[in-house]
**Q** 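The structure follows.
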Amino acid sequence: NRCRYCAIPLIRGPHRSRPIEALVEETRQLVASGVREISLIAQDTTAYGLDRYGARSLPRLLRALAEAAPEARFRLLYAHPRHITGELLDVLRSDAHFLPYLDLPLQHIHDRVLRDMGRGITEAEVRTLVEQIRDRWPEAALRTAYIVGFPGESEAEFDALLRWVAEGAFLHAGVFIYSKEAGTPAAELPDDVPAAEKERRRQLLMATQREVSR
């Protein structure tokens with residue numbers, strides 16, 4: 001996705017999907033050793049298979065894992081909100097192998113900040129997605145992550161994020177303070193939110209999320 005603040009692709013290289021067969025075999029080995037819950041983790045799980053199979057293939061992988069390991073339960077993390085599909089939600093909802101949990105990092109809700117972050121999604125699209133998840137998979141617990149103090153984040157833009165969090169769409173959230181990562185496009189922007197203000201915003205957002213979680 002090449003988000004403008006993220007150095008992970010510079011450190012780790014391009015996305016590489018492991019073969020379905022290899023993941024099925026590893027799952028069988030884990031279950032044979034006594035493991036009963038398996039987390040599926042990638043920088044972006046929704047990109048699975050794009051490089052190897054020429055199409056996003058996460059639903060196909062999920063079906064294969066559920067068939068291979070009927071004793072196990074699976075938890076899906078780090079799904080990019082831009083690439084959640086109805087097919088994926090239907091697979092997750094239709095099989096008790098998949099825990100009713102989805103980690104969906106948003107990073108922000110204000111359109112200007114999302115655009116400058118390179119997230120490729122808008123507030124309206126996020127709201128539509130949340131409604132789609134509620135309709136297709138109402139029992140799912142949603143977790144997300146936010147960044148405060150991104151270059152240029154105004155008080156009004158932060159307030160928009162704060163109001164969004166207070167709406168209570170997500171049961172859990174983590175909040176991170178923006179810091180420059182060398183080599184990223186965002187590092188070329190003025191880091192113009194003072195450190196003390198970033199921390200104030202983080203604490204306020206976390207306090208609001210704690211009330212939602214409670």
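Atom set for the values below is all heavy atoms of this structure, side chains included, hydrogens, waters and symmetry mates excluded.
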**Q** Between Thr122 and Asp111, is any side-chain donor less than 3.5 angstrom from a side-chain acceptor?
**A** no
**Q** Any carboxylate oxygen within less than 4.0 angstrom of a Lys/Arg side-chain nitrogen, looking at Glu139 and Arg93?
**A** yes
**Q** So, taking the atom named CG in Leu129 and the one named CZ in Arg134, what distance separates them when rounded to the nearest 0.5 Å?
**A**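 Reported to 0.5 Å precision, the distance equals 10.5 Å.
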**Q** Kindly assign one of parallel, tilted or perpendicular to the pair Tyr178 and Phe150, based on the angle between their ring planes and the thresholds 30° and 60°.
**A**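 Because their plane-to-plane angle is over 60°, the rings of Tyr178 and Phe150 count as perpendicular.
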**Q** Could you walk me through whether Tyr146 and Val165 pass the side chain to side chain contact (heavy atoms under 4.5 Å, CB included) test, one step at a time?
**A** CA-CA 10 Å; Tyr146 300 110; Val165 170; 3.7 Å; yes
**Q** Do you know which two heavy atoms are closest between Ala79 and Pro105, and how far apart they sit?
**A** O-CD, 3.5 Å
**Q** Heavy-atom distance under 4.5 Å between the side chains of Leu102 and Trp137, does that happen here?
**A** yes
**Q** Salt bridge or not for Glu197 and Arg201, using N-O below 4.0 Å?
**A**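 Yes.
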**Q** Please answer whether the main-chain N or O of Gly152 pairs with a side-chain N or O of Asp192 as donor and acceptor at a distance below 3.5 Å.
**A** yes
**Q** Are Arg127 and Glu123 ion-paired here, with the side-chain N under 4.0 Å from a carboxylate O?
**A** yes
**Q** Quick one, Thr128 and Gln132 - any side-chain contact, counting heavy atoms below 4.5 Å?
**A**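 A side-chain contact is absent here, since even the closest heavy-atom pair is not under 4.5 Å.
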**Q** Are Leu50 and His15 packed together at the side-chain level, in the sense that at least one heavy-atom pair is separated by less than 4.5 angstrom?
**A** no
**Q** Could you tell me whether Arg52 and Glu21 have a side-chain N and a carboxylate O separated by less than 4.0 Å?
**A** no
**Q** Is the shortest distance from a Lys or Arg side-chain nitrogen in Arg4 or Asp116 to a carboxylate oxygen in the other one below 4.0 Å?
**A**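 No salt bridge links Arg4 with Asp116.
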**Q** Would you indicate whether the side-chain heavy atoms of Arg56 and Thr46 approach each other to under 4.5 Å?
**A**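 Counting from C-beta outward, Thr46 and Arg56 do come under 4.5 Å.
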**Q** In Å and rounded to the nearest 0.5 Å, what is the CG to CG distance from Asn1 to Asp44?
**A**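 Here the interatomic distance stands at 4.5 Å.
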**Q** Roughly how far, to the nearest 0.5 Å, is the NE2 atom of His110 from the CZ atom of Arg115?
**A**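 Those atoms lie 9.0 Å apart.
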**Q** Surrounding CD of Glu67 (heavy atoms of other residues, nucleotides or ligands, distance under 6.0 Å), is the total greater than 12?
**A**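 Counting other residues, nucleotides and ligands, CD of Glu67 stays at 12 neighbours or fewer.
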**Q** Within a reach of under 6.0 Å around CZ of Arg12, are more than 12 heavy atoms found that belong to other residues, nucleotides or ligands?
**A** no
**Q** Side chains of Val148 and Phe158, heavy atoms from C-beta outward: is any pair under 4.5 Å?
**A**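 When only atoms from C-beta onward are counted, Phe158 and Val148 do touch, with a gap below 4.5 Å.
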**Q** Before accepting this row, confirm whether a basic side-chain N of the pair Asp191/Lys198 lies closer than 4.0 Å to the acidic partner's carboxylate O.
**A** yes
**Q** Can you tell me how far the CG atom of Asp95 sits from the CG atom of Leu65, to the nearest 0.5 Å?
**A**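 If I round to the nearest 0.5 Å, the distance is 10.5 Å.
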**Q** Would you find a donor on one side and an acceptor on the other, under 3.5 Å apart, between the side chain of Arg112 and the backbone of Glu157?
**A** no
**Q** Side chains of Ile109 and Leu161: closer than 4.5 Å at any heavy-atom pair?
**A** yes
**Q** How many angstroms lie between atom NE2 of His172 and atom CD of Gln209, to the nearest 0.5 angstrom?
**A**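 It comes to 8.5 Å.
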**Q** Evaluate His108 against Met117 for side chain to side chain contact (heavy atoms under 4.5 Å, CB included), listing each step before the verdict.
**A** CA-CA 9 Å; His108 215 279; Met117 285 180 167; 4.2 Å; yes
**Q** Evaluate the side-chain proximity of Phe170 to Val212: yes if any heavy-atom separation is below 4.5 Å, no if none is.
**A** no
**Q** Between Tyr53 and Pro19, is any pair of side-chain heavy atoms under 4.5 Å apart?
**A**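 Tyr53 reaches Pro19 side chain to side chain.
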**Q** Would Leu62 and Leu88 count as a side chain to side chain contact (heavy atoms under 4.5 Å, CB included) if you check the C-alpha gap in whole Å, the side-chain angles of each, and the deciding distance to 0.1 Å?
**A** CA-CA 9 Å; Leu62 293 175; Leu88 174 60; 3.6 Å; yes
**Q** Any donor-acceptor pair under 3.5 Å linking the side chain of Tyr101 with the backbone of Leu77?
**A** no
**Q** Which class fits the ring pair His80 and His83: parallel under 30°, tilted 30 to 60°, perpendicular over 60°?
**A**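 Tilted, since the angle between the ring planes falls between 30° and 60°.
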**Q** Let's go through Val31 and Arg36 carefully: what are the C-alpha distance in whole Å and the side-chain angles of both, what is the deciding distance for side chain to side chain contact (heavy atoms under 4.5 Å, CB included) to 0.1 Å, and is it a yes or a no?
**A** CA-CA 6 Å; Val31 170; Arg36 289 296 177 265; 3.6 Å; yes
**Q** So which atom in Arg136 and which in Gly86 form the shortest heavy-atom distance, rounded to 0.1 Å?
**A**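 Heavy atoms only, the tightest pair is NH1-O, 3.4 Å.
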**Q** Nearest 0.5 Å, what's the CG-CZ distance between Leu61 and Arg63?
**A** 10.5 Å
